[in-house]
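Notes to accompany the following structure.
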Amino acid sequence: MGQAPDSLTIDGYILAKNLKTQKTREGLYVGVIKEGDGAQPRAGDYVKINYKGALLNGKVFDSSPAGDPFVFQLGYRQVVDALDIGVREMKAGSNIILLAPAILGYGQSAVQEIPANSPLLFEIELLEILTPVQYDQYMKQVEKKEREASGIARTLQLEKDKTSIIAYADRRRLKIQTTASGLSYCITKAAKSGLLKLGDEVSVEYEGSLLDDKIFDSNKGKAPFAFEIGAGRVIEGWDEGMRYFGKGGEGYLLIPSALAYGSNPLDDGRTVVPANSALVFKIKIKE
């Protein structure tokens with residue numbers, strides 16, 4: 001036997017929950033929890049909503065974070081059809097339940113925790129309809145908050161990395177010096193000449209490892225790696241760190257994640273570095 005139509009599953013849910021709903025011409029079921037007294041949005045309007053999306057078995061697959069409403073523009077396919085259609089049935093200040101057949105959700109596609117052909121349940125609160133100017137102002141505020149949060153996270157991670165780097169150096173009896181940026185270095189063999197500087201072309205033999213000593217990259221036994229200092233061809237920790245060494249010098253660079261790959265994991269098929277990893281490079285300056 002074939003799968004029962006979505007409408008039967010939704011009808012069963014409505015009956016079991018004793019819901020009062022209205023069916024739109026598109027096949028969406030709308031149940032009003034609270035009727036707002038604001039304006040009704042139209043295609044092209046920006047809307048600010050709180051929402052929760054779930055399967056009919058109650059499993060939540062998505063929701064707007066507390067205190068962080070979701071904003072989108074109606075009619076521009078930025079959300080599933082169920083939301084695009086359902087929000088247009090609301091007035092600002094309303095709170096509703098939407099029951100959507102799969103065709104108005106993700107259809108025959110399985111998306112993460114959502115199986116194919118799944119009817120969906122949304123709880124939506126329409127907070128506000130925004131003009132284009134209000135939308136721009138709101139997005140600037142959101143971006144400012146994100147920058148501030150990113151800065152705080154970066155600071156906390158840097159302090160954590162510095163502590164881990166000091167512990168690493170203590171275990172290996174490395175006498176490190178730490179710069180204002182958080183970079184640490186240890187010179188084990190003095191240079192034969194003056195220190196390198198921005199714009200110098202340098203050739204380096206290196207071995208890179210994580211703080212647990214797992215080697216993720218090395219050119220030992222291969223041609224030295226050549227680059228121009230300050231040209232942006234290497235991670236920040238290298239561009240800064242090379243300037244504490246000179247030709248013939250050897251030692252270590254101990255680099256916090258903020259001066260390496262940050263919160264982005266690296267996996268290019270050859271080199272694997274987890275997100276927020278402080279790195280250790282044992283280096284020899286060849287040329």
Side-chain angles (χ1 to χ4, degrees), residues 6 9-10 13-14 16-107 109-115 118-153:
D6 291 329
T9 305
I10 290 173
Y13 183 91
I14 291 171
K17 299 294 183 179
N18 194 27
L19 298 177
K20 292 182 180 180
T21 62
Q22 294 290 328
K23 186 178 180 181
T24 70
R25 65 178 181 274
E26 296 89 357
L28 184 68
Y29 293 79
V30 182
V32 178
I33 299 172
K34 175 189 172 185
E35 183 70 59
D37 56 7
Q40 193 165 342
R42 298 175 295 179
D45 284 342
Y46 294 96
V47 291
K48 184 194 295 185
I49 66 170
N50 287 325
Y51 76 94
K52 181 173 70 175
L55 303 178
L56 297 191
N57 63 9
K59 183 177 181 180
V60 175
F61 59 81
D62 194 15
S63 66
S64 53
D68 187 13
F70 176 56
V71 177
F72 69 99
Q73 190 173 19
L74 286 170
Y76 282 78
R77 302 187 69 83
Q78 295 176 359
V79 294
V80 293
D81 290 342
L83 283 177
D84 223 340
I85 296 166
V87 172
R88 293 188 222 185
E89 299 290 327
M90 305 176 69
K91 293 180 180 179
S94 295
N95 198 329
I96 68 170
I97 289 177
L98 296 181
L99 290 152
I103 194 171
L104 298 180
Y106 297 97
S109 301
V111 179
Q112 297 180 354
E113 314 101 299
I114 306 172
S118 292
L120 305 176
L121 166 68
F122 290 98
E123 296 179 20
I124 305 171
E125 180 184 11
L126 176 54
L127 301 172
E128 190 177 356
I129 303 169
L130 304 176
T131 66
V133 172
Q134 289 172 325
Y135 171 77
D136 289 341
Q137 292 173 341
Y138 176 77
M139 292 309 296
K140 287 178 182 178
Q141 292 173 356
V142 170
E143 290 166 3
K144 181 181 178 182
K145 288 180 181 178
E146 289 176 348
R147 287 196 300 271
E148 291 172 349
S150 177
I152 292 171

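Atom set for the values below is all heavy atoms of this structure, side chains included, hydrogens, waters and symmetry mates excluded. The model shown is predicted, which means the values in this text are computed figures rather than measured ones. Residue numbers start at 1 and run along the sequence shown.
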Considering only heavy atoms from C-beta outward, does the side chain of Leu55 approach that of Pro115 to under 4.5 Å?
yes
Pairs in or reaching into residues 49-71: which pass side-chain hydrogen bond (donor to acceptor under 3.5 Å, both in side chains), with residues at least two apart or in two chains?
Asn50-Glu125, Tyr51-Asp62
Nearest heavy atoms of Tyr13 and Leu56, plus distance in Å:
CE1-O, 3.5 Å
Supply the atom-to-atom distance Ile10 CD1 to Leu19 CG, rounded to the nearest 0.5 angstrom.
11.5 Å
Exam field: side chain Thr21 to backbone Gly31, donor-acceptor pair closer than 3.5 Å
no
Just wondering, more than 12 heavy atoms not from Glu148 lying within 6.0 Å of its CD?
yes
If you measure from CG on Leu130 to OH on Tyr135, what distance do you get to the nearest 0.5 Å?
9.0 Å
Test side chain to side chain donor-acceptor pair (under 3.5 Å) applied to Glu123 - qualifying residues, sequence neighbours left out
none
Can you find a pair of side-chain heavy atoms, one from Phe72 and one from Val87, that are under 4.5 Å apart?
yes
Nearest 0.5 Å please: distance from the CG atom of Leu120 over to the OH atom of Tyr106.
7.0 Å
Sort and list the pairs that fulfil salt bridge (Lys or Arg N to Asp or Glu O under 4.0 Å) and have at least one residue in residues 74-84, not counting sequence neighbours.
Asp84-Arg88
Can you tell me how far CG of Leu126 sits from CD of Glu89, rounded to the nearest 0.5 angstrom?
12.0 Å
Extract all donor-acceptor atom pairs below 3.5 Å that involve side chains of residues 41-49 and protein atoms in other chains or at least two apart in sequence.
| unit_1 | atom_1 | unit_2 | atom_2 | d |
| --- | --- | --- | --- | --- |
| Asp45 | OD2 | Arg42 | N | 2.8 |
| Lys48 | NZ | Glu128 | OE1 | 3.2 |

To the nearest 0.5 angstrom, please state how far the CG atom of Leu98 sits from the CG atom of Leu104.
10.0 Å
Test item: Tyr29 and Pro119 side chains (from C-beta on) under 4.5 Å apart, heavy atoms
no
Side chain to side chain contact (heavy atoms under 4.5 Å, CB included) partners of Arg25, counting only residues at least two apart
none
Test of understanding: with side chain to side chain donor-acceptor pair (under 3.5 Å), list the residues that count as partners of Glu26, not counting sequence neighbours.
Thr24
Smallest heavy-atom separation, Leu99 atom then Pro101 atom, equals O-CD, 4.0 Å
